[in-house]
There are 2 protein chains.
Amino acid sequence: MSDGDSGRKRILDSAAFILRTKGFGAARLSEIAQGAGMLAPSIYHHFKSKDEVVEEVMLSGIYRNTRHIVAKVEVLGPETAPVDRLRAAIVAHVEFLLSGDDYSSAVARSFGDLPSEMKQRVLAAYATFDSYWRDLLVAASPSGNDAQTTVARKFLIAMLDSCPSWYRAGRLGPTQIANQAADLFLGGFAP
Amino acid sequence: MSDGDSGRKRILDSAAFILRTKGFGAARLSEIAQGAGMLAPSIYHHFKSKDEVVEEVMLSGIYRNTRHIVAKVEVLGPETAPVDRLRAAIVAHVEFLLSGDDYSSAVARSFGDLPSEMKQRVLAAYATFDSYWRDLLVAASPSGNDAQTTVARKFLIAMLDSCPSWYRAGRLGPTQIANQAADLFLGGFAP
DNA sequence: ATATCTGCCGAATAGCCGTTCGGGAGCCTA
DNA sequence: TAGGCTCCCGAACGGCTATTCGGCAGATAT
């Protein structure tokens, strides 16, 4: 959010921050504008509506989150065990969320509250993200049961996405939380 | 929500349903009133403000959810292993959420979006619920590490609370989902 | 210097939503 | 019959918010 950035980017950065911290329902255009160093009407010079700003934040969040995870997984050798690929994805997702990326956190926080019309449009982009997780889980699944991995995926993503809502910088760093998430999901709490 | 109920209860039931399905940010007083079979101003005969309605829904949701879980756990004999007590709690929580209790689902969905002032008040009631989980986890924890069980608790509750947002009645019933949640959390995905 | 384009502001508007107020219908009590 | 109480409605108000519009400063170009 430095002053050198273009007005458009400043608006998106500010909106991502607001959506992450306050959620969609409490995101006011005036506050987004303030974070971008301008007043509310000035936003309309860059965007057609408030919803357009929000939608672009959501799409950016999904894209960059997906890119980050895929990169961290695919950097592993092709002979890496599926479980280790899944572990890498979990760690990458949590670290990305907790490292302070407002866009991905905004998605985790506000996606469920989006107006249904916008939600369906964003869902198309989300499908890429979702199916990547599906492939990872299916490959690593011992049982191979389809319904089970689907439910497990829902649980996993909900679990990981909750991080930004309760994590506070303290004794445990993002990497430790990320590894614990992987241990917990893969190995269980009381094996 | 039958017609025989008092106006006050009809309002609370309707509000719980709205909060569960649309979330706090999109909950309109007019829609709550409509679900209760009346018009918006009539609500003020029973409650002082919209926030008061919401707060009572949250408190009821927490109370009845806690009661339900505690009952299902404490019915087990005193010699039941801690892991089995934890398992019973997980199953009870998921079943309660998915059985269609709007109050507990409303808490799971809308608690994070509450205005901070109300949130702190509700948090006091939530502490009972939270500490019960803490005790269950500590007792069942193999490591006994405090920070680890705290993080595990956050992950667990987030995981379970997400159920109402993605569950659709179909092949898998609430009980099956509940058992799978317990298996997943306790045993892990790829042990 | 004139014209033009970009990026922003000030003022104003329209709509939605929570809230207030006065009153009316039904019912119980005396 | 008269009074009072419960529960609800109709109308209206005020505040907040997204949005529109006209204009102005600064940079750039001609």
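Numbers restart at 1 for each chain; the letters A, B, ... are given by sequence-line order, proteins then strands.
- Residues satisfying the ring-ring contact (aromatic ring centres under 6.0 Å, His included) test with A:Phe47, not counting sequence neighbours, are none.
- Between A:Ile43 atom CD1 and C:dC9 atom P the separation is 10 Å, expressed in whole Å.
- Partners of B:Asp101 according to the side-chain hydrogen bond (donor to acceptor under 3.5 Å, both in side chains) rule, which considers only residues two or more places apart in sequence or in another chain, are B:Arg64, B:Ser104.
- Residues forming a side-chain hydrogen bond (donor to acceptor under 3.5 Å, both in side chains) with A:Asp183 (at least two apart in sequence, or on another chain): A:Arg87.
- In terms of the salt bridge (charged side-chain N to carboxylate O under 4.0 Å, His left out) criterion, residue partners of A:Asp130 (sequence neighbours excluded) are, by chain and number, A:Arg153.
- Annotation: side-chain hydrogen bond (donor to acceptor under 3.5 Å, both in side chains) contacts of A:Lys22 (sequence neighbours excluded): A:Glu31.
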Pairs under 3.5 angstrom, nitrogen or oxygen only, protein versus nucleotides 16-18 of chain C, please.
residue, atom, partner, partner atom, Å
C:dC17, OP1, B:Arg28, NE, 3.2
C:dG18, OP1, B:Leu29, N, 3.3
C:dG18, OP1, B:Lys50, NZ, 3.0
C:dG18, OP2, B:Leu29, N, 3.0

> Reading nucleotides 8-13 of chain D 5' to 3', which nucleotides get B (base under 4.0 Å from a protein heavy atom), which S (sugar-phosphate only), which -?
Replying inline: BBBB--

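- In this structure, A:Lys72 places its NZ atom where only 12 or fewer heavy-atom neighbours from other residues, nucleotides or ligands lie under 6.0 Å away.
- For B:His68, the ring-ring contact (aromatic ring centres under 6.0 Å, His included) partners two or more places apart in sequence, or in a different chain, are B:Phe96.
- With sequence neighbours left out, B:Ser162 forms a side chain to side chain contact (heavy atoms under 4.5 Å, CB included) with A:Phe155, A:Ala158, B:Ser165, B:Trp166.
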